[in-house]
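Single-structure report; data block below.
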Protein chains: 2
Amino acid sequence: MTNANQVKKTGNIRAKSQVKILTAARTEFVLQGYRGATVQSIADRAALPKANILYYFKNKENIYHAVLEHTLEMWDEGIGDIEADQGPKVAIEKIIEAKVRMSFKHPEASKIYAMEIIQGAQHLKDYARTYQRQWVREKAKLFQQWIDKGEMANVDPVHLIFLIWSATQHYADFETQILTIMNRADFEEDDVEQVIAFLCDIILRGCGLD
Amino acid sequence: MTNANQVKKTGNIRAKSQVKILTAARTEFVLQGYRGATVQSIADRAALPKANILYYFKNKENIYHAVLEHTLEMWDEGIGDIEADQGPKVAIEKIIEAKVRMSFKHPEASKIYAMEIIQGAQHLKDYARTYQRQWVREKAKLFQQWIDKGEMANVDPVHLIFLIWSATQHYADFETQILTIMNRADFEEDDVEQVIAFLCDIILRGCGLD
DNA sequence: AAGTTACCTGACTAAATGGTTAACAACAAT
DNA sequence: ATTGTTGTTAACCATTTAGTCAGGTAACTT
């Protein structure tokens with residue numbers, strides 16, 4: 001067997017185990033919080049002995065960091081990028097759609113991130129904490145240009161972004177509450193489209209874009 | 001000394017200690033989560049010996065329940081009630097203003113509640129879990145009547161309430177992130193009014209109420 | 001003054017937890 | 001076959017944690 005194959009094979013075991021562990025860990029961290037999730041509980045959920053978990057990850061904090069990192073990557077990929085030439089309507093629609101789809105597809109990722117921020121972002125490195133500042137500044141600048149050109153109502157662009165973020169993430173983070181209020185056991189396919197339609201409708205009109 | 005005075009005096013010690021403990025506990029629960037907050041850390045923050053904490057509260061779960069209950073009471077008091085005869089514009093303004101003020105005044109309460117919901121509301125009793133269903137149903141009914149009378153745009157009332165909740169709570173729960181993005185150390189008086197104005201402006205217009 | 005109640009706390013314990021180690025198993029390369 | 005690498009895991013340990021308890025003090029009542 002070639003060296004490449006060997007790397008691939010061992011890499012597979014490693015990768016598979018890590019995915020199993022991280023998946024279990026993500027769930028445990030959401031359900032129990034950082035301190036409440038024990039290495040043992042993660043091991044149980046992953047159906048692996050505890051020592052095996054600590055063979056692949058030096059320690060608990062490492063597991064959490066890996067989960068967090070994965071979450072941030074997902075956020076980065078999932079958030080639709082917008083450009084100046086497409087106009088405010090398409091831009092807002094793209095952001096709303098991307099974020100709503102992410103919320104329904106990866107609620108746990110959103111929850112982990114939310115809990116981290118709520119608790120003061122103690123585990124986030126500085127670059128991760130300030131990363132979004134640049135993102136918001138850039139997008140806000142675009143919105144401001146559209147406002148200056150009279151292409152949309154004069155609303156504070158930064159707060160507009162907060163509004164879109166909060167409204168979309170809400171469906172992930174407060175899943176439990178929303179399902180209770182809607183008297184449902186689970187979300188269905190239609191819900192995603194309905195939420196996208198609702199938010200686009202009201203926010204676009206709110207921006208004078210109907 | 002009369003019996004009433006005795007009750008008052010001892011009651012004061014009890015009440016004072018409990019407030020001190022609950023205040024410390026709330027902060028610890030926010031910063032460290034339920035499992036991460038230790039009785040010792042609460043004791044340290046309250047500047048009391050650990051055994052004293054457990055004199056006033058049977059156990060850790062009891063402390064948490066007391067904190068949660070206090071949070072729910074605050075939510076109940078703080079949320080402005082709306083009525084049919086005032087029309088949709090005033091109603092929405094009242095809800096937004098009440099919730100934004102609460103978010104800026106008691107961010108910790110909002111955070112505790114948010115974390116509890118995110119983690120699946122494991123500590124909330126059934127009546128607390130379903131309490132808001134009735135609240136939302138009632139208010140949604142009002143909105144629907146206004147829609148039917150053509151007094152506001154045809155937007156889903158339930159999702160409208162979710163939108164208002166999420167947008168307002170965001171300023172409490174994601175305080176850390178918002179401050180980082182706005183490059184600020186703290187919120188100021190003006191911010192509250194500005195957020196209220198922004199949200200009323202965009203949401204009212206979104207509901208066809210400008 | 002004596003008794004009763006509320007309040008306070010250092011010292012302790014049993015259980016849980018994160019992490020280590022040492023021995024072993026699978027397997028590929030030489 | 002031997003050697004080295006990777007994966008596996010039971011047993012173990014030091015520390016932390018929630019909660020108990022016994023012995024106190026202070027305040028109030030009679």
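Reminder, nothing fancy here: chain letters follow the sequence lines and each chain counts from 1. These values consider heavy atoms only, across backbone and side chains, with no hydrogens, waters or symmetry-generated copies.
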> Could you walk me through whether E28(A) and Y34(A) pass the side chain to side chain donor-acceptor pair (under 3.5 Å) check?
Replying inline: CA-CA 8 Å; E28(A) 281 299 310; Y34(A) 176 72; over 6 Å; no
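- The CG-P distance, from N52(A) to dA26(C), rounds to 15 Å in whole Å.
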Distances for protein N/O vs nucleotides 14-20 of chain C N/O pairs under 3.5 angstrom?
| unit_1 | atom_1 | unit_2 | atom_2 | d |
| --- | --- | --- | --- | --- |
| dT17(C) | OP1 | R35(B) | NH2 | 2.9 |
| dG18(C) | OP1 | K60(A) | NZ | 3.1 |
| dG18(C) | OP2 | V39(A) | N | 3.0 |
| dG18(C) | N7 | K50(A) | NZ | 3.0 |
| dG19(C) | OP2 | K60(A) | N | 2.8 |
| dG19(C) | N7 | K50(A) | NZ | 3.1 |
| dG19(C) | O6 | K50(A) | NZ | 2.7 |

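- In this view, W165(B) and W75(B), W135(B) satisfy the ring-ring contact (aromatic ring centres under 6.0 Å, His included) rule, not counting sequence neighbours.
- Shown here are the side-chain contact (heavy atoms from CB on, under 4.5 Å) partners of L31(B), two or more places apart in sequence or in another chain: Q122(A), T27(B), R45(B).
- Scanning for salt bridge (Lys or Arg N to Asp or Glu O under 4.0 Å) contacts around R129(A) gives D126(A), with sequence neighbours left out.
- N12(B) has its CG atom 15 Å from the C1' atom of dC28(D), to the nearest Å.
- Taking atom CD1 of residue I63(B) and atom P of nucleotide dA18(D), one finds them 9 Å apart after rounding to whole Å.
- Atom P of nucleotide dA26(D) and atom CD1 of I13(B) are separated by 12 Å, given to the nearest angstrom.
- Shown here are the salt bridge (Lys or Arg N to Asp or Glu O under 4.0 Å) partners of E93(A), two or more places apart in sequence or in another chain: there are none.
- Comparing the axis of the opening five pairs of the helix from dA1(C)-dT30(D) to dT30(C)-dA1(D) with that of the closing five pairs yields an angle of 0°, rounded to 10°.
- Following rounding to the nearest Å, Y55(B) (OH) and dT25(D) (C1') show an atom-to-atom distance of 12 Å.
- Between F29(B) atom CZ and dA18(D) atom P there is a gap of 9 Å when expressed in whole angstrom units.
- Here the P atom of nucleotide dT8(D) and the CD1 atom of I21(A) are 9 Å apart, to the nearest Å.
- Among residues two or more places apart in sequence or in another chain, the ring-ring contact (aromatic ring centres under 6.0 Å, His included) test is passed with F104(A) by Y171(A), F187(A).
- Sorted by first and then second residue, the salt bridge (Lys or Arg N to Asp or Glu O under 4.0 Å) pairs with a member in residues 63-86 of chain B read D81(B)-K139(B); sequence neighbours excluded.
- For dC7(C), one of the phosphate oxygens OP1 or OP2 lies less than 4.0 angstrom from a side-chain nitrogen or oxygen of R14(B).
- Regarding F57(A), its CZ atom lies at a distance of 15 Å from the C1' atom of dG7(D), rounded to whole Å.
- Aromatic ring pairs are classed by plane angle as parallel below 30°, tilted from 30° to 60° and perpendicular above 60°; the pair H170(A) and F162(B) is tilted.
- Residue pairs meeting the ring-ring contact (aromatic ring centres under 6.0 Å, His included) criterion with at least one member in residues 37-56 of chain B: none, sequence neighbours excluded.
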